[in-house]
Amino acid sequence: MNDSSDVANCLINMANIQFDHGDFYGAQEMALSALNYLKGVNKKSNNLLSFAYNTIANASDELNQFEDAIRYYALAIQYCKEDNVKLKYKNNLSVSLRYAKRYKEAIQLSEDNLRNAPKNSKDYARILNNLARVKFAASASYNPLGDYWIAMKIRKDKDDFWGLNSSYASLSQYYGEMHMDSALYYAEKQYTIAKELKSPDDQINALKRLIEYNKNSQKQYFTKFLALNDSIQQARSAAKNQFALIRYEVEKNKADNLRLEKENVEKQSRLVRQRAITGASIFLLLLAVGGGTLWYKRRKQRLELEAQNRVKETQLHLSKKVHDVVANDIYHVMTEVEYRDDLDREVLLDKLEIIYNQSRDISHNVEQRPTVEVPYNEQISTLLKPYGSNSRRISIVGIDAEQWSDVSKRIKEEIKHVLQEFMVNMKKHSGAERVVVRIEKSDQQLKIFYKDNGVGLPAERPQGKGMANTVSRIESLGGGIIFVSEPGEGLSITVNIPLI
């Protein structure tokens, strides 16, 4: 209802949902977009600004972007007007300063926070525990145990289970360098309470210490670690882009509305033309001057409606262009972020800047600036490689640059979509460790051979929408596709496309 504060509030809530599900990049992006709706200076805007900056800082901290986290925590504190909330933000800032190894600043801020915190409160215990950790990090000669014990006792008295989880982690980490039995004891305590809290990240951290400290039960803890880690990765993969469908539906509805408006304008144009014909018939029967005046008015109305129709067509064209150009590029960048461990931040920023310029140019309805075209074989390689990982090898054969010279642009574009669908299907369902993609061209035929060692295609599961679209793409090119799947033998796919 054109209430910018409510729009910002919705976006911040969405950002926090993404943060809770481990989609930290998505949380940053969503919270940053909320800032565009918070231009005014009032109490409500200040509260939302503080909330948004804290969310951005939390996500930055989880991504080890500590300097960014420090900057955004400072902004959250600046706009926060509630003392108890501001104290939490200041403690968050102190933790990020510790991670950034800015120990002097972290100690000074924590000591100031401790003076302002109510004695024996949860906040007091949290700040005291953090102060002990940063002092120990700054100087190995400092003994943090006294402060650790005080913080743990307050948390036990307050039934602060999340706080106890933090205390056990601090104690286990401290004893890990000197008393292995004590380190193991507190690691087990942390693992137990993390399970009660249903906190998978804290369980993972506790299991790492149990694997390191307990040589006799490493296999048992390592098995639990692997199962939990896989579960976390699957959950976070599912959480990524959870709002993408909502955004897509919103844009699709806009495009549908434009199309319906265009159809209505065309109907009105037809009615106008019919009336104009009727007017012309009346003109033949009535006086020339009266009929001529009526024809002139109808013609003017028709021209106005046709001008409106051209405007609607332009809007529909721009909406489709946003989907085809910007959305597809964003999806590819998101795939790289999800699957590549060695992602170069500067390269990622360059790609996002290109997408930004594309969207800006489209919004001004200008032709896109000419860019240097990337060779098609490099496009294929860039498309497929991000789906590889430490546990999955992607082998690509036969994509030499010269063999694509006489292949039409349409065929090359459809092949990219087909190969991407193969990779998405493999990642979601196959569990494959080895994937081979081989492309051959002979006798005016282009052949694609795909093979993985995954679970294959279960007979009880119907063919998904993505694979159905893939079959349609191949058939639209006059080609054919064959799926061969046997239990335990993986999946083989053969594609034939005529080049004539």
Side-chain angles (χ1 to χ4, degrees), residues 324-325 328-329 331-344 346-348 350-351 354-355 358 368 370-427 430 432-454 466-467 469-485 489-500:
D324 291 343
V325 176
N328 287 340
D329 287 350
Y331 179 82
H332 186 70
V333 169
M334 291 180 344
T335 301
E336 286 192 321
V337 170
E338 182 176 4
Y339 294 110
R340 288 188 59 181
D341 296 329
D342 60 342
L343 190 64
D344 188 323
E346 294 300 321
V347 173
L348 177 61
D350 289 342
K351 290 183 179 180
I354 291 172
I355 296 172
Q358 288 177 326
Q368 305 215 357
T371 57
V372 178
E373 183 176 0
V374 178
Y376 186 72
N377 61 318
E378 294 182 18
Q379 294 181 39
I380 293 295
S381 179
T382 302
L383 175 71
L384 299 182
K385 284 184 178 179
Y387 290 92
S389 66
N390 292 336
S391 60
R392 182 184 302 108
R393 182 179 177 184
I394 307 292
S395 300
I396 311 168
V397 182
I399 59 169
D400 300 328
E402 57 269 21
Q403 78 170 357
W404 300 102
S405 59
D406 58 346
V407 179
S408 71
K409 182 177 180 181
R410 182 193 172 204
I411 291 177
K412 289 192 287 188
E413 198 62 28
E414 294 293 347
I415 287 174
K416 284 171 61 178
H417 289 300
V418 168
L419 292 176
Q420 186 174 48
E421 187 56 42
F422 288 172
M423 292 295 107
V424 171
N425 185 73
M426 174 274 297
K427 176 67 175 65
S430 75
E433 297 175 346
R434 296 188 305 277
V435 179
V436 177
V437 176
R438 189 173 83 255
I439 301 176
E440 296 178 358
K441 188 178 75 171
S442 62
D443 299 327
Q444 296 301 311
Q445 288 281 328
L446 189 66
K447 296 184 178 181
I448 302 173
F449 302 93
Y450 168 94
K451 171 68 177 175
D452 68 39
N453 67 340
M467 280 301 185
N469 288 339
T470 298
V471 173
S472 298
R473 291 180 185 277
I474 298 300
E475 291 178 350
S476 72
L477 298 174
I481 183 168
I482 300 173
F483 297 85
V484 178
S485 175
E489 295 296 328
L491 173 65
S492 297
I493 306 175
T494 302
V495 176
N496 285 304
I497 300 173
L499 298 177
I500 299 179

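We number each residue from 1, following the sequence as shown. Side chains included, hydrogens not; waters and symmetry mates left out as well; all remaining heavy atoms used. Please read these numbers as outputs of a predicted model, since none were measured by experiment.
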Using the test side chain to side chain contact (heavy atoms under 4.5 Å, CB included), find all partners of Glu433 that sit at least two apart in sequence or belong to another chain.
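So Glu433 forms a side chain to side chain contact (heavy atoms under 4.5 Å, CB included) with Asn453.
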For Arg438, which of Ile399, Ile396, Val397 qualifies under side-chain contact (heavy atoms from CB on, under 4.5 Å)?
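The option that passes is Val397.
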[X] [atom1] to [Y] [atom2] distance, which is reported to the nearest 0.5 Å:
{"X": "Trp404", "Y": "Ile411", "atom1": "CH2", "atom2": "CD1", "result": "9.5 Å"}
{"X": "Ile448", "Y": "Ile497", "atom1": "CD1", "atom2": "CD1", "result": "5.0 Å"}
{"X": "Ser408", "Y": "Leu477", "atom1": "OG", "atom2": "CG", "result": "7.5 Å"}
{"X": "Ile380", "Y": "Gln420", "atom1": "CD1", "atom2": "CD", "result": "10.0 Å"}
{"X": "Asp452", "Y": "Met426", "atom1": "CG", "atom2": "CE", "result": "7.0 Å"}
{"X": "Ile474", "Y": "Ile493", "atom1": "CD1", "atom2": "CD1", "result": "10.0 Å"}

Output, in order, the C-alpha distance, side-chain angles, deciding distance and verdict of side chain to side chain contact (heavy atoms under 4.5 Å, CB included) for Lys441 and Leu499.
CA-CA 9 Å; Lys441 188 178 75 171; Leu499 298 177; 3.5 Å; yes
Identify the heavy atoms of [X] and [Y] that sit nearest to each other, and give their distance.
{"X": "Ala432", "Y": "Val435", "value": "CB-CG2, 4.2 Å"}
{"X": "Leu491", "Y": "Ser485", "value": "CD1-CB, 3.9 Å"}
{"X": "Tyr387", "Y": "Arg392", "value": "O-NH1, 3.0 Å"}

Audit row: Tyr376, Ile415, side chain to side chain contact (heavy atoms under 4.5 Å, CB included) steps and yes/no:
CA-CA 11 Å; Tyr376 186 72; Ile415 287 174; 3.5 Å; yes
Around atom NZ of Lys451, are there more than 12 heavy atoms from other residues, nucleotides or ligands closer than 6.0 Å?
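Yes - once you tally the heavy atoms of other residues, nucleotides and ligands closer than 6.0 Å, there are more than 12.
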Step through the shown structure and confirm whether more than 12 heavy atoms of other residues, nucleotides or ligands are within 6.0 Å of CG on Asp400.
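Enclosed: over 12 neighbouring heavy atoms sit under 6.0 Å from CG of Asp400.
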Applying salt bridge (Lys or Arg N to Asp or Glu O under 4.0 Å), which residue pairs with at least one partner in residues 409-419 are found, sequence neighbours left out?
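For residues 409-419: Glu414-Arg473.
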Please test Asn425 against Tyr450 for side chain to side chain contact (heavy atoms under 4.5 Å, CB included), starting from the C-alpha separation and ending with a verdict.
CA-CA 12 Å; Asn425 185 73; Tyr450 168 94; over 6 Å; no
Counting only N and O atoms by type, is there a donor-acceptor contact under 3.5 Å from the side chain of Gln445 to the main-chain atoms of Asn496?
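Pair absent, no side-chain N/O of Gln445 close to backbone of Asn496.
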Would you please name every residue forming a side-chain hydrogen bond (donor to acceptor under 3.5 Å, both in side chains) with Ser381, sequence neighbours left out?
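Applying side-chain hydrogen bond (donor to acceptor under 3.5 Å, both in side chains) to Ser381 gives Lys385.
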Show your reasoning for whether side chain to side chain contact (heavy atoms under 4.5 Å, CB included) applies to Val437 and Met423.
CA-CA 10 Å; Val437 176; Met423 292 295 107; 4.0 Å; yes
